[in-house]
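Lettering follows sequence order; numbering is per chain, from 1. Values below: all heavy atoms of this structure, side chains included; hydrogens, waters and symmetry mates excluded.
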Number of protein chains: 2
Amino acid sequence: MITHKAKDIFKDYLFEKGLRNTRQREEILNVFFSADKHITVEELFNMLKKTVPGIGYATVHRNLILLCECGLAEEIKIGKQKSRYEPKFGHEHHDHLICMKCGRFIEVNDDKIEKLQDKLAEANDFSPVRHKLEIYGYCKECR
Amino acid sequence: MITHKAKDIFKDYLFEKGLRNTRQREEILNVFFSADKHITVEELFNMLKKTVPGIGYATVHRNLILLCECGLAEEIKIGKQKSRYEPKFGHEHHDHLICMKCGRFIEVNDDKIEKLQDKLAEANDFSPVRHKLEIYGYCKECR
DNA sequence: GACCATGATGATAATGATTATCATGAACAT
DNA sequence: ATGTTCATGATAATCATTATCATCATGGTC
């Protein structure tokens, strides 16, 4: 779901950086935020071709990077899979349970784990900034 | 440090699969286990060229995969970096603190976190098999 | 010890995702 | 309306990884 605020964040970011607002950028933002989570460049590209005939793969890719830079998207790399991107506005941090059979992701969150991670880092003279926790296994349907 | 036992595991695996023991395989095992942790194919390849002149990149790569298959090595992929491999014999599971400046890895382990992860998975009807925890931040020297 | 079937090697090409290039088109400040 | 400069889209380049294939070597067999 695209919110007015996400559009504003994007437009503000473009303005700050001296970049321009284009039809492609607007549609990429729209479609990206209304799509399923964890989309690939290719999937988004295919969806966008319907809305913006003639749009180029490179444009989609470039602008996903732009969305990551302004904090509206996050790139997810799991092993050797191709990069996936997820909308980030209004979503707090979460970790992933990844099914090794069907490949689906479940998003989870655990404050206790987060706190223990910070402790663990500090115990090693390490200043944590962000983290990635992926638990691989089998989901309810596939186990 | 290569142990007699690691060699045996490898040889047993080769025998089981009907594969052959070659000079290249022996040296790859030797050098891999005496090298630093988290080595890339290229790094291992360069080290091996001294011991086995004429050895091919593909051979090193293929045999690292073989080592992963028999449990003596583990492939580590961090973001867009090229794959790294670490010796696994006699090492229990551990997580990584990754310095965003110098790139160094610190290996850590926390039983409490592990247990909470299992609980978290179960609470989501998910059967955990393995996991990957990476904490990004700055190490003592770089902070 | 010689032979042979088959796996292993090494050089190179293929693959596939991502990134760079560049001529042309479009946005936006003036 | 104009001009500057960024964006776009088609395509090529990049780079790690993987596949191909002719030749070599291993290990079982006689």
- If you check the B:K82 side chain, which of D:dG28, D:dG9, D:dT17 turns out closest? D:dT17
- Whichever of B:T22 and A:R25 has its nearest DNA chain D nucleotide further upstream toward 5': A:R25
- Item | Of B:F15 and B:V41, the one whose closest DNA chain D nucleotide lies more 5' | B:V41
Between [N] atom [atom2] and [X] atom [atom1], what is the distance in whole Å?
| X | N | atom1 | atom2 | answer |
| --- | --- | --- | --- | --- |
| A:K77 | C:dG16 | NZ | P | 15 Å |
| A:Q24 | C:dT24 | CD | P | 18 Å |
| A:E27 | D:dT8 | CD | P | 13 Å |
| B:K80 | C:dT18 | NZ | C1' | 7 Å |
| A:L14 | D:dT8 | CG | P | 10 Å |
| B:E43 | D:dA16 | CD | P | 12 Å |
| B:E26 | D:dT26 | CD | C1' | 12 Å |

Less than 4.0 Å between a side-chain N and a carboxylate O, is that true for [Y] and [X]?
| X | Y | value |
| --- | --- | --- |
| B:R104 | B:E141 | yes |
| A:R84 | A:E43 | yes |
| B:E75 | A:K80 | yes |

- When only distance counts, do a donor and an acceptor, one from the side chain of A:R20 and one from the base of C:dC28, lie under 3.5 Å apart?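 Donor-acceptor pair under 3.5 Å: no.
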- Flag side-chain contact, heavy atom, 4.5 Å: B:F45 against B:T40: no
- Measure from the side-chain N and O atoms of B:N63 to the backbone N and O of B:L66, and report whether any donor-acceptor pair falls under 3.5 Å.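 Between the backbone of B:L66 and the side chain of B:N63 there is no qualifying donor-acceptor contact (under 3.5 Å).
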- Hey, does the side chain of A:S83 come within less than 4.0 Å of C:dA17's phosphate (OP1/OP2), counting only N and O? no
- Message: Please tell me if B:K17 has a side-chain N or O lying less than 4.0 Å from either OP1 or OP2 of C:dG7.
- Response: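 Result: no.
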- Message: For A:H94 and A:H96, take the angle between the two ring planes, folded into 0 to 90°, and tell me which bin it lands in: parallel under 30, tilted 30 to 60, perpendicular over 60.
- Response: perpendicular
- What orientation do A:H131 and A:H93 show, parallel under 30°, tilted 30 to 60°, or perpendicular over 60°?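 Geometry flag for A:H93 against A:H131: perpendicular rings.
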- Message: Can you pull out the residues from residues 51-70 of chain B that lie within a 4.0 Å heavy-atom distance of DNA chain C?
- Response: B:G54, B:I55, B:G56, B:A58, B:T59, B:R62, B:N63
- Message: Which is more 5' along DNA chain C, the nucleotide nearest A:L19 or the one nearest A:E75? Just name the residue.
- Response: A:E75
